[in-house]
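Quick caveat, the model's predicted, so the values are computed rather than measured.
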Amino acid sequence: MRKQDVGFDYHRYHRLLTEADDENKRMALIQLLIEEKARDRLAAQRASDRAAMTASTIATVLKGGRN
């Protein structure tokens, strides 16, 4: 069985899916899923960028200390 994603609110999405009883609601649910996935990916990218900048700064500081 696949482990649930930490940020995935299964119960919320299940409720929204059961309430999507017409085409407009289904399209709104699809749009919501797309937007939230994009937001999660952007947050992950930002965290990765911050980690890379921190590592770069530490490397620069450590190199400066050896001179």
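When all heavy atoms of E19 and K25 are compared, the pair lying nearest together is O-CD, 3.3 Å. Heavy-atom minimum distance, D21 versus R26: C-NH1, 3.7 Å.
The local environment of CZ in R46 is sparse, with at most 12 non-hydrogen atoms from other residues, nucleotides or ligands closer than 6.0 Å.
The same ILVMFWY cluster, assembled from side-chain heavy atoms under 4.5 Å apart, contains both L17 and L33.
Summarising the geometry, atom CG belonging to L29 is positioned 10.5 Å from atom CZ belonging to R15; distances are rounded to the nearest 0.5 Å. The OG1 atom of T60 sits 8.5 Å away from the CE atom of M53 when rounded to the nearest 0.5 Å. Separating the CD1 atom in I34 from the CZ atom in R39 is a distance of 13.5 Å, to the nearest 0.5 Å.
With sequence neighbours excluded, no residue forms a salt bridge (Lys or Arg N to Asp or Glu O under 4.0 Å) with D22.
Remark: side-chain polar atoms of T54 are paired, donor with acceptor, to backbone N or O of R50 under 3.5 angstrom.
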